[in-house]
Structure formats: C-alpha cells, structure tokens
Amino acid sequence: VTTPTQDGTGVRAVGRARIAARTLRGDRWWLTPLAYGLTLLIVGVYLAYAVFVNKDYYWKPYISPMYSPCLTGNCVADSGWGWFPSINPVTPALIIIIFPAGLRATCYYYRKAYYRSFFLSPPACAVPEAAKHYRGESRFPLIVQNIHRYFFYITLIFNCILTYDAVIAFRDHQGHWGHAGLGTLVMVVNAILLWGYNASCHTCRHAIGGRLRHFSKHPVRYWLWSRATALNARHGQIAWASLVFVAITDLYIRLVAGGAFNDPRFF
Ligand code: FES
C-alpha cells in the first residue's frame with residue numbers, strides 16, 4: 001500500500017492524515033449517486049424527446065407543461081398565443097424550456113446531485129473526488145451558477161401560466177366548465193408540485209427573509225420565512241417529485257392526444 005502524496009487540496013492537502021484507502025466508508029455509498037444519475041438521465045432523455053417531437057402536446061383543454069405557454073405561430077390550433085412567427089425547425093417547447101431547465105440546472109440541490117453523479121466531485125461524503133484540485137464555483141464556468149436567482153423569478157411566471165392551464169382543465173372538450181378528468185387531476189398536481197419547488201428554493205427563502213435585522217419588526221415576512229424554511233428542508237424530495245411529475249404530465253397528455261386511451265372523466 002502506497003502512502004498518498006500531499007500535493008493538492010482537500011484530502012491531499014498538507015497536514016491531512018495520509019490514508020491510502022480511497023475511502024473508509026464501508027457502506028454502499030455509490031448507490032445514491034448511481035440512482036440519481038440514472039434518474040436524471042432517463043427523465044432528461046424523455047424530456048428532450050418531448051421538446052423535439054413537436055406533436056401530441058395538446059388535447060383540449062389539456063396542454064403539456066413542456067409546451068405552455070406555446071408562443072409561436074406553429075402551435076397546434078387553439079393551443080397557443082402566437083406571439084412569435086414560426087421558426088422551423090425550432091419547436092415551441094425549445095423556446096420556453098430554457099427557463100425551467102435553467103432553474104433546475106443551477107438549482108443548489110441538483111448541483112449537488114449531478115456534481116456527484118456525473119462529475120464525481122465528490123461522489124459522496126467522505127469519498128475524495130477524482131480531480132486533484134478543488135476549484136469550486138468561484139470562477140468561470142461554474143460561477144455562472146449564480147444566475148439561479150433570475151431563473152427563480154422568471155419561472156414564477158411559468159408557474160402562474162401552468163396554474164391557469166390547470167384551472168381551465170376543469171372544462172370539457174367543448175369548453176363547458178365544471179368538468180374534470182384524470183388529466184385535470186394530473187395538471188393540478190403538477191402545478192402544486194411546481195409551486196412547491198419554487199417555494200422551497202433557497203432563493204425564495206432568502207427573498208422572503210434575507211437581509212432582515214429584526215424578525216420581530218417584520219412578522220408577516222417572518223411567518224412566510226418560517227414556512228419557506230420548513231419547505232426548504234424538503235427541497236430535494238420536492239425537486240425529484242416535481243421533475244418526474246412534469247414528465248408524467250407530458251406523457252399522460254401525449255398518450256391522450258395521440259389516441260392511446262381516453263381520458264377518464266370524473267364529472
Ligand atoms: Fe433549487 Fe432554487 S435551490 S430551485
């Protein structure tokens with residue numbers, strides 16, 4: 001067994017114990033980064049497919065969250081706002097995906113997940129990273145992660161739109177109110193999870209309660225901050241649930257719109 005040289009940072013920094021073993025962890029620490037990496041890969045590939053396929057995203061009154069708001073002239077009839085001309089082969093989803101994808105890519109929780117799973121940086125607690133030097137996020141390119149807060153604010157607009165979509169999903173195919181099907185339920189749950197994701201975001205917690213000297217002078221903000229803090233502790237779980245559910249919502253609407261099965265109606 002060779003003794004590692006102390007020529008770097010982290011566990012190789014001068015003064016750290018010289019331990020030859022890669023890690024002293026005896027559990028299956030690799031299981032979590034593996035599971036997270038596979039989940040990100042599978043959901044990511046599906047969502048990329050949904051973005052580029054450009055069909056079966058609308059079945060009145062349901063619209064896939066990947067295509068809402070549908071802003072270009074080539075949106076399926078009745079589904080879009082038509083603000084921009086068609087820019088073939090750019091799909092309507094490609095224009096809007098930048099913002100929710102940007103929020104997730106720069107999210108503090110996902111950063112932890114994908115740094116561990118894809119860059120092994122580090123792969124797990126008490127398991128040294130492969131790179132010799134730790135560069136952190138204080139210089140390019142990772143310093144760009146700091147734009148997270150802007151994605152947070154922009155995606156609040158998306159959440160409002162998807163909530164509106166969920167409300168108008170209480171109409172039937174002819175546009176009459178007071179009806180609901182399984183797709184309505186799926187869209188409502190999707191909207192709630194997306195709000196939960198933003199509400200539990202670190203930026204949200206800071207925007208509500210940050211920079212306050214005295215909580216006692218701001219009881220409303222303190223109350224909101226307490227709620228955001230409680231949600232923030234669950235941010236990881238909400239992040240997974242909301243991501244997977246966006247894919248489920250798209251898939252459900254895609255299957256109904258494609259004629260794979262009929263949307264079961266509750267009333
Ligand atoms: Fe995850 Fe902001 S920290 S969305």
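First listed ligand is number 1; within each ligand, the first listed atom is number 1. Below, all heavy atoms of this structure are taken into account, side chains as well, without hydrogens, waters or symmetry copies.
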Look only at the side chain of Tyr252 and the backbone of Met187, and say whether a donor-acceptor pair between them is shorter than 3.5 Å.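 Between the backbone of Met187 and the side chain of Tyr252 there is no qualifying donor-acceptor contact (under 3.5 Å).
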Side-chain donor-acceptor pair present, Thr203, Arg149, cut-off under 3.5 Å: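 Note: Thr203 and Arg149 side chains miss the donor-acceptor criterion.
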Output, by chain and residue number, all protein N/O/S atoms separated from atom 2 (Fe) of ligand 1 by less than 2.8 Å. His148 NE2, Cys201 SG
Within the structure provided, determine whether Ile97 and Tyr67 are in side-chain contact (heavy-atom separation under 4.5 Å).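 Not in contact.
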Identify whether NZ of Lys or CZ of Arg in Arg104 sits under 6.0 Å from the centre of the six-membered ring of Tyr197 and within 45° of that ring's axis. yes
State whether Trp225 and Arg227 meet the cation-pi test: NZ (Lys) or CZ (Arg) under 6.0 Å from the six-membered ring centroid, and within 45° of the perpendicular axis. no
Within residues 26-36 or reaching into it, pairs that qualify as salt bridge (charged side-chain N to carboxylate O under 4.0 Å, His left out) - sequence neighbours excluded: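 Passing the test, one end in residues 26-36: Arg25-Asp27.
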